[in-house]
Amino acid sequence: MEEITEGVNNLNVNDSHKKNRIQVSNTKKPLFFYVNLAKRYMQQHNEVELSALGMAIATVVTIAEILKNNGLAVEKKIMTSTVDMKDESRGRPIQKAKIEILLGKTENFDELMAAAAEERYAADAEEQN
């Protein structure tokens, strides 16, 4: 019984359950859904990991570049790999490209987010008048 307990204690948690990971699809949600979600994750966790397979890789790179160009994020790590998957139509194994980009908050992230929230508040107040 002790060996089982020791094995469970040494078990690594699967990466797919990370609280700050966003798995991006280029068919399910619009681009700015992911940009805004990444901002929220950075507010909560100080960093966000964007992950994608195949054709969605370009979407992940675009999201990362938008966040970087707006002064909200810095690249911490970029990992590429291939993943073995089963081809749905043919039933044979295929390899898909995978990318993971770890972004961290910039020093002035909180200031920029506060300024953006203030702008939205002012615009909403102006609309109501």
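All values below come from the heavy atoms of this structure, side chains included, with hydrogens, waters and symmetry mates left out.
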Q.
If you count every heavy atom of other residues, nucleotides or ligands that lies below 6.0 Å from K68 atom NZ, does the total exceed 12?
A. yes
(Q) What I'd like to find out is whether the side chain of M113 reaches to under 4.5 Å of the side chain of Q43, using heavy atoms alone. (A) yes
Q.
Does H45 form a side chain to side chain contact (heavy atoms under 4.5 Å, CB included) with K19? I'd like the steps, not just the answer.
A. CA-CA 8 Å; H45 305 286; K19 296 240 186 294; 3.9 Å; yes
Q: Indicate the atoms forming the closest heavy-atom contact of N20 with E47, along with that distance.
A: ND2-O, 3.3 Å
Q. Does V83 reach the side chain of L53, with side-chain heavy atoms less than 4.5 Å apart?
A. yes
Q. Between atom OH of Y41 and atom CG of L103, what is the distance when rounded to the nearest 0.5 Å?
A. 14.0 Å
Q. Cluster question for you: counting only ILVMFWY and a side-chain heavy-atom cut-off of under 4.5 Å, with indirect links fine, are V74 and M42 together?
A. no
(Q) Rounded to the nearest 0.5 Å, what separates atom CG in D87 from atom CD1 in I94? (A) 4.5 Å
(Q) Could you report the tightest heavy-atom contact between V60 and A52, atom names first, then the distance? (A) CG2-CB, 3.2 Å
Q | Side-chain (Y34) to main-chain (N26) donor-acceptor, under 3.5 angstrom | A | no
Q) Do K105 and D110 pass the side chain to side chain contact (heavy atoms under 4.5 Å, CB included) test, and can you show the C-alpha distance, the side-chain angles, and the key distance before you say yes or no? A) CA-CA 8 Å; K105 286 177 20 174; D110 294 320; 3.3 Å; yes
Q | Under-4.0 Å salt bridge between D84 and K96 | A | no
Q) Do the side chains of M85 and I57 join up, straight or via other hydrophobic residues, at under 4.5 Å, putting them in one cluster? A) no
(Q) Is the shortest side-chain heavy-atom distance between I101 and E49 below 4.5 Å? (A) no
Q. Same cluster for L37 and L102 if Ile/Leu/Val/Met/Phe/Trp/Tyr side chains link at under 4.5 Å?
A. no
**Q.** Test applied, side-chain contact (heavy atoms from CB on, under 4.5 Å); reference residue, I63; option that passes from I66, L67, V61
**A.** L67
Q | Any donor-acceptor N/O pair, T106 side chain to G71 backbone, under 3.5 Å | A | yes
Q) Would M55 and I99 show up in the same hydrophobic cluster when neighbours are defined by side-chain heavy atoms closer than 4.5 Å? A) no
Q. Do other residues, nucleotides or ligands put more than 12 heavy atoms under 6.0 Å from K76 NZ?
A. yes
Q: Any chance you could measure K39, atom NZ, to L112, atom CG, to the nearest 0.5 Å?
A: 9.5 Å
Q. Around M79, counting heavy atoms of other residues, nucleotides and ligands shown, do more than 12 lie under 6.0 Å from its CE?
A. yes
Q: Please examine the side chains of E65 and E75, heavy atoms only from C-beta on, and report whether any two atoms are closer than 4.5 Å.
A: yes
(Q) How close do L72 and F109 get, counting heavy atoms only, and between which atoms? (A) O-CD1, 3.2 Å
**Q.** Pair E100 + R21: basic N to acidic O under 4.0 Å
**A.** yes
